[in-house]
Amino acid sequence: MKVQERRAIKNTDLFIWLEENEFDKIIEKCNYKILNYQKDEYVAFRGDEIKGIYINLQGTLVAEMLKDDGNVKKIEELERGKIIASAFIFGDVNKFPVDLVAKSQVKILFIEKNEVIELLKMNSEILKVFLDEISNKAQFLSKNLWESLSNKTINQKLVEYILKNEKDGVFIFDRSIKDLAEYFNVSRPSLSRVIKKFIEDKVIEKLEKGKYKILSKEKLIIIQ
C-alpha cells in the first residue's frame, strides 16, 4: 500500500479513531478497491445497486435529486473521509437514493458487503462508528424530510435559519443564495425578495457579502 493511499484511508471517518498499529493490522486483512472519477463525472445514479461501503478519499461529491419540474435539488456535499449512503448498505433495499456527482477529481474507497461484515466483527470501535453514522444519517434524512414537508413560509424558514446561525447579533450565510434556496425548497428569486424586504424593513442590515447584522430580533421572533 502506498503511503499516501494509507494516510487517506486512515483519515476517513471510519478509521481515524484507531491506533496506528491497530489500523495496520485491520487494513492488511481487508480486501478493498480504489475507484477514480473525474470532475463532473457521475459516481452513481439514483437506483443503482449499493454493493458495499463507499468512502470518499479525495475531492468533493455532491448528492443531487432531479425534481419533477426538471430542476436539480442539491441534497448535501460529501467531503473527504465521508461514508456514502451508509443507511442503504444493508436492509431490504440497497439502492442509491440520489445521484452522486464528482465536483472535482474524486477517489473512493470501496469495500464489498461481505468484507464490511468481517471488518465490523474485527473491531468494536469500527462497529460503533458505523452504527453512529447510520443513526446520524437517518436523523439527517428525517430532518430534511420534515423541513421540506412543513408548511412554513419562506419568511419563517429564513428567520429560523438566521436565529440558528447568529452569534452576537451577526450571522453569515454558510452557503450561496442559490444553495440556500434549494435547501429551503423555494425559488432563488423568491428568497432574494424576502432578504431584500428584511433589509428594507430594517430587520437586518447587510455588512458585507454574505454577512449580516440583526437590527431587530423582536421582529424576527414575531415573524417566526
Side-chain angles (χ1 to χ4, degrees), residues 12-13 16-17 46 56 59-88 97-101 103-104 128-224:
T12 61
D13 288 356
I16 196 169
W17 313 103
R46 182 173 182 266
N56 188 12
T60 301
L61 278 173
V62 171
E64 298 179 340
M65 184 173 289
L66 184 65
K67 298 193 293 184
D68 291 338
D69 60 5
N71 291 318
V72 174
K73 177 177 174 59
K74 178 179 170 182
I75 306 301
E76 65 172 326
E77 283 192 6
L78 296 158
E79 298 177 345
R80 185 173 58 191
K82 298 299 181 184
I83 301 172
I84 303 167
S86 57
F88 298 88
V98 293
D99 297 329
L100 291 172
V101 186
K103 291 302 181 182
S104 64
K128 181 182 182 301
V129 169
F130 184 69
L131 292 176
D132 283 344
E133 164 68 20
I134 293 174
S135 296
N136 291 336
K137 184 60 65 178
Q139 291 166 19
F140 170 82
L141 293 172
S142 176
K143 180 175 180 290
N144 262 24
L145 178 63
W146 169 254
E147 289 178 348
S148 66
L149 293 177
S150 69
N151 292 319
K152 292 179 182 177
T153 64
I154 301 176
N155 298 47
Q156 291 170 326
K157 290 179 179 180
L158 180 60
V159 169
E160 185 177 277
Y161 177 87
I162 291 172
L163 294 178
K164 182 180 177 181
N165 290 282
E166 72 95 7
K167 185 175 181 182
D168 298 326
V170 174
F171 67 95
I172 298 174
F173 286 135
D174 61 358
R175 59 192 81 190
S176 68
I177 298 300
K178 179 178 180 295
D179 288 344
L180 192 60
E182 290 179 356
Y183 177 71
F184 288 161
N185 198 26
V186 300
S187 71
R188 179 178 176 177
S190 296
L191 178 59
S192 296
R193 282 195 294 270
V194 171
I195 294 172
K196 183 180 178 182
K197 188 71 165 57
F198 277 20
I199 295 173
E200 290 174 349
D201 291 345
K202 300 191 182 302
V203 178
I204 60 175
E205 176 186 5
K206 186 173 183 178
L207 301 178
E208 55 188 78
K209 185 176 181 180
K211 188 174 183 180
Y212 295 79
K213 178 182 179 181
I214 297 174
L215 298 179
S216 176
K217 184 171 283 191
E218 291 77 12
K219 289 182 180 180
L220 287 176
I221 294 173
I222 290 172
I223 295 170
Q224 190 182 34

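Below, each value reflects all heavy atoms present in this structure, side chains not excepted, and no hydrogens, waters or symmetry copies.
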Exercise answer: donor-acceptor pairs, residues 191-198 side-chain atoms, under 3.5 Å, sequence neighbours excluded:
unit_1, atom_1, unit_2, atom_2, d
S192, OG, R188, O, 3.1
R193, NH2, S190, OG, 3.2
K197, NZ, D201, OD1, 3.3
K197, NZ, D201, OD2, 2.7

Q | For Q156 against K152, the heavy-atom pair lying closest together | A | OE1-CA, 3.2 Å
Q.
I need the I199 CD1 to I204 CD1 distance, nearest 0.5 Å.
A. 5.0 Å
Sequence neighbours left out, cut at 3.5 Å: what donor-acceptor pairs do the side chains of residues 165-173 make with other protein atoms?
unit_1, atom_1, unit_2, atom_2, d
N165, ND2, Y161, O, 2.7
E166, OE1, G169, N, 2.9
E166, OE2, K217, NZ, 2.9

(Q) For a side chain to side chain contact (heavy atoms under 4.5 Å, CB included) check, start with the C-alpha distance between E64 and V98, then their side-chain angles and the critical distance, and finish with the verdict. (A) CA-CA 6 Å; E64 298 179 340; V98 293; over 6 Å; no
Q) In Å, rounded to the nearest 0.5 Å, how long is the span from NZ of K74 to CG of L180? A) 11.0 Å
**Q.** Closest approach of L215 to K202 (non-hydrogen atoms, all atoms of both residues)
**A.** CB-O, 3.3 Å
Q) Do the side chain of K157 and the main chain of F184 share a donor and acceptor less than 3.5 angstrom apart? A) yes
**Q.** Point-to-point distance, once rounded to the nearest 0.5 Å, from NZ of K219 to CD1 of I221
**A.** 13.0 Å
Q. So, does R46 use its side chain to make a donor-acceptor pair with the main chain of P97 at under 3.5 Å?
A. yes
**Q.** Where I134 and S86 come nearest, the two heavy atoms and their spacing
**A.** CG1-O, 3.8 Å
Q) Does K213 NZ have over 12 foreign heavy atoms under 6.0 Å away? A) no
Q: Specify the closest pair of heavy atoms between N56 and L61, including all atoms of both residues, with the distance to one decimal.
A: ND2-N, 4.1 Å
Q | S104 backbone acceptor or donor facing T60 side chain under 3.5 Å | A | no
Q | Contact summary for L78 and I83, nearest pair of heavy atoms | A | CD2-O, 4.3 Å
(Q) For the CD atom on E79, are there more than 12 heavy atoms of other groups (residues, nucleotides or ligands in this structure) within a distance under 6.0 Å? (A) no
Q. Looking at residues at least two apart in the chain, or sitting in another chain, which of them share a salt bridge (charged side-chain N to carboxylate O under 4.0 Å, His left out) with K211?
A. none
Q.
side chain to side chain contact (heavy atoms under 4.5 Å, CB included), that's the test. Do D179 and Y183 meet it? Break it down for me.
A. CA-CA 6 Å; D179 288 344; Y183 177 71; over 6 Å; no
